[in-house]
Amino acid sequence: MKKIFKMLKPFKGTLIAAIIFSALYSLLQILLPVYTKEIMSKGIIAGDMNEIIRYGLIMLGLTLIGVATSILNTYFSTKTSVNYAMNIRNQVFTKVSYLAQSDVDKIGVSSLMTRTTNDVVQVHNFILSAMKSILPVPIMLIGGLVMAHSVNAKLLKLILIVIPVLLVILIVILIFIMPMYSKIQKLLDQINFVMRGKIGGIRVIRAFNKTKYEDDRFDDANGKLTKLSLKASRIMYSLLPILMIFAFGLIAYIIYMCVMDATKPGVGKQAILDTIPNMYMFLAYFTMIISAISTAMTLFVSWPKANISAKRISEILDSETEIKDPENPVEPDPEIKGEVEFDNVSFRYKPIKKEEKKKRRRAKSKPSKNKSASAGEENKSDENNGKKEENTSPDEKVTEEEKEQARKKAEIIAADAEKKKKLTDRDAVHDVSFVSHKGEYTAVIGITGCGKSSLINLIPRLYDVTSGSVKIDGVDVRNMKAEHLHKKIAYIPQQSYLFSGTVRDNIKFGNPDATDAQVWKALEIAQAKTFVSEMPEGLDSQISQSGKNLSGGQKQRLCIARAIVKNAEIYLFDDSFSALDLATDARLRSSLRANLPDADIFIVAQRVGTVINADRIIVMDDGRAVGIGTHKELIETCGVYRDIVASQVGLGNEEAVS
């Protein structure tokens, strides 16, 4: 939270102004009961109209000043808090933009969204409340106590007894409520996760008639959030009724004591009349004290939410990305362009988080406890079992069944954890070496999950190698600035993604300075010119987010055009031809060779027809490059490649798909 507070520094001027005006407003509130007492005793009771007018005008002036200070306080506090929230959002967004893919995977996209929106709102609300309360609360509390003491020191002792009691109640409630708010924020992440999955995969969900299943998932997450939120709210808002019970109980007692003092034998008429303004003044300051305590309690209750949110925001801002720019970056040799070298490269994905490991260990330990039952317990006689069943109630039988189900479920979770652990214990890419030069066409082929995409993702440094090195133009990518590295590379990911906007906007995302002629040329190379020109508005035709209004092949071709317009030295096509028919695939590959003669092109594919004419084919199997060479060379030397060709087109029929 300390770091988050430091971010208020740029708004120091408006922050101080807001605090000053809130303090002035509180001081004016302390003065008003004094003049109210005077107008009652010297004006109303004495029947002096001049005094009534005089004190009335003073009170009117103070009220008008109070209104002005209140407006100014609201203006400056709102301006400060809103700009402060904007600053936090900007910093979080900027930080996320520079996080490595592995860092984003750790936190999760849904959690990042919650932290950028909901968590920032929680901190913003707390700061806004704090600015309006940080000085008014102590001023009203201390000022109210001092003024109440000047009226009746005896009654003030009652208030001094109540305040510690309320503080103890507040501390107890905070102890209970802090862990709840931490869980609530995590449940909000879960809600976002489920919602993103449902909205993003709505067509698949409907196609498989899984709407009810997804609704149940959402209801489960929403139900947990609602239940915990209600529990936290009940505890939090129990403070106000408790405070009101104490307040109204004390007011009743104060009035009773004042009446008893006024009706004592020997008390004169004037003394009785003086009791009324004094009682009003004491009650006014008592109400002010209670109001200050209530405001402080509200602030303290909102503190846990803001503190949890601030920690979650700080977790992003303090996170050190695994992939950093080098302190002394190396510039590539200008005479070498488009050269990619893999030198004994191995890579494995990071193991699961510690928190997940702990959960899985707990899950794994449950069945083991059940299995560790003694042999004597397992081999009890049928007679004893029969007696036990006779003495077991239906409810207990159900409980035993539930325990057995839970045990089986825990065994399944433990088995899954073991499988996932094995995946992180082996290399996704192991000991791969090759060199590719400009003007060459390198293809990567293999069965699903063999490490093709993992291999390609190491070139733009989406992940760092575990051992060995990836070099571009003779320089290790870890020694290059990310900005310079990415300028050399045009990357088309496995999942085609288009932004909402026009066709022109999406293509120029690869090169903002591209002319319309360059855009049309890129579309022509990507075999997208025909369908774009047939759209009602051509380049100005609207594309929905993720390209929902386009077919899979159209999306892939627009993504390819976006990469081509960048005019990069190296092009990475990560299974980017999968949605294209064979004829379009062949025309596109031919067009790439003709129009990008100096580029170093990498294509990940599963179809033999896509890779058959490559200058170099890398055959991946279980993370290893089991074969590197041309099609003819691999047919003779690589069994894995020969099996792939045989399964797809049959040996000897390759020319039909080339």
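The model shown is predicted, which means the values in this text are computed figures rather than measured ones.
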Under the 3.5 angstrom rule, does the side chain of S590 hit a backbone N or O of A586 as a donor-acceptor pair? no
Could you go step by step and tell me if S453 and D574 meet the side chain to side chain donor-acceptor pair (under 3.5 Å) rule? CA-CA 6 Å; S453 294; D574 187 359; 2.8 Å; yes
Applying the side chain to side chain contact (heavy atoms under 4.5 Å, CB included) test to Y441, which of D600, I603, L592 qualifies? I603
Heavy-atom distance under 4.5 Å between the side chains of I644 and I445, does that happen here? yes
Give, for atom CE of M620 and atom CD1 of I447, the distance between the pair rounded to the nearest 0.5 Å. 11.0 Å
Say whether, by atom type as modelled, one donor and one acceptor occur between the side chain of S433 and the main chain of D343 under 3.5 angstrom. no
Side-chain (Q648) to main-chain (V608) donor-acceptor, under 3.5 angstrom: yes
Does a side-chain heavy-atom distance below 4.5 Å link T610 with R607? yes
Quick check against the 3.5 Å criterion: does S346 have a side-chain atom that pairs as donor or acceptor with the backbone of D431? yes
Can you confirm whether T630 sits close enough to D615 that some side-chain heavy atom of one is under 4.5 Å from a side-chain heavy atom of the other? no
Provide the closest heavy-atom pair for V604 versus K452 in the form atom of the first, atom of the second, distance. CG1-CB, 3.7 Å
Would a distance-only check, ignoring hydrogens and angles, find a side-chain to backbone donor-acceptor pair under 3.5 Å from Q518 to K566? no
Treating R115 as the side-chain partner and R312 as the backbone partner, does any N or O pair qualify as donor plus acceptor under 3.5 Å? yes
Are V444 and I456 close enough that some pair of their side-chain heavy atoms sits under 4.5 Å apart? yes
How long is the gap from CD1 on I560 to CD1 on I492, to the nearest 0.5 Å? 6.5 Å
For K95 and S319, the nearest pair of non-hydrogen atoms, with its separation, is NZ-O, 2.9 Å
Whether over 12 other heavy atoms sit under 6.0 Å from F93 CZ: no
Would you check if the side chain of N118 reaches a backbone N or O of T114 as a donor-acceptor pair within less than 3.5 Å? no
Tell me whether R557 contacts the main-chain N or O of G553 through its side chain, where contact means a donor paired with an acceptor under 3.5 Å. yes
Stepwise side-chain contact (heavy atoms from CB on, under 4.5 Å) check, I617 with Y641: CA-CA 10 Å; I617 301 172; Y641 183 71; 3.6 Å; yes
Going from OH on Y497 to CZ on F499, what distance comes out if it is rounded to the nearest 0.5 angstrom? 6.0 Å
Other residues, nucleotides, ligands: >12 heavy atoms within 6.0 Å of F193 CZ: no
Measure the shortest side-chain to side-chain distance between V470 and D476 over non-hydrogen atoms and say whether it is less than 4.5 angstrom. no
Criterion side chain to side chain donor-acceptor pair (under 3.5 Å) on S578 and Q556, from CA distance to verdict: CA-CA 9 Å; S578 58; Q556 280 195 339; 3.0 Å; yes
Please report the C-alpha distance between S544 and S500 in whole Å, then the side-chain angles of each, then the deciding distance to 0.1 Å, and finally whether the side chain to side chain donor-acceptor pair (under 3.5 Å) criterion is met. CA-CA 5 Å; S544 63; S500 56; over 6 Å; no
Atom OH of Y213 with >12 non-hydrogen neighbours under 6.0 angstrom: no
Any side-chain heavy atom of I628 sitting closer than 4.5 Å to one from L634? no
Begin with the C-alpha distance, continue with both residues' side-chain angles, and end with the deciding distance and a verdict on side-chain contact (heavy atoms from CB on, under 4.5 Å) for E569 and D473. CA-CA 10 Å; E569 296 174 17; D473 298 344; 3.3 Å; yes
Could you check N457 against S454 for side chain to side chain donor-acceptor pair (under 3.5 Å), going step by step and ending with a plain yes or no? CA-CA 5 Å; N457 287 337; S454 298; 5.6 Å; no
So how far is it from E524 CD to N595 CG, rounded to the nearest 0.5 Å? 7.0 Å
Do the side chains of Q606 and D575 get nearer than 4.5 Å, heavy atoms only? yes
Are any side-chain N or O atoms of H484 and backbone N or O atoms of E331, one a donor and one an acceptor, separated by less than 3.5 Å? no
K438, NZ atom: more than 12 neighbouring heavy atoms under 6.0 Å: no
So which of D318, D119, T116 actually passes side chain to side chain contact (heavy atoms under 4.5 Å, CB included) with I313? D119
Report the distance from atom CG of N222 to atom CE of M195, rounding to the nearest 0.5 Å. 10.0 Å
Report the distance from atom CD of Q527 to atom OG of S591, rounding to the nearest 0.5 Å. 5.5 Å
Without swapping roles, check the side chain of T584 against the backbone of L580 for a donor-acceptor pair under 3.5 Å. no
May I ask you to test the V345-S467 pair for a side-chain heavy-atom distance under 4.5 Å? no
Verdict with supporting geometry, F602 and Y571, ring-ring contact (aromatic ring centres under 6.0 Å, His included): CA-CA 6 Å; F602 286 80; Y571 289 86; over 10 Å; no
State which residues pass salt bridge (Lys or Arg N to Asp or Glu O under 4.0 Å) with R616; sequence neighbours excluded, sorted by chain then number. E440
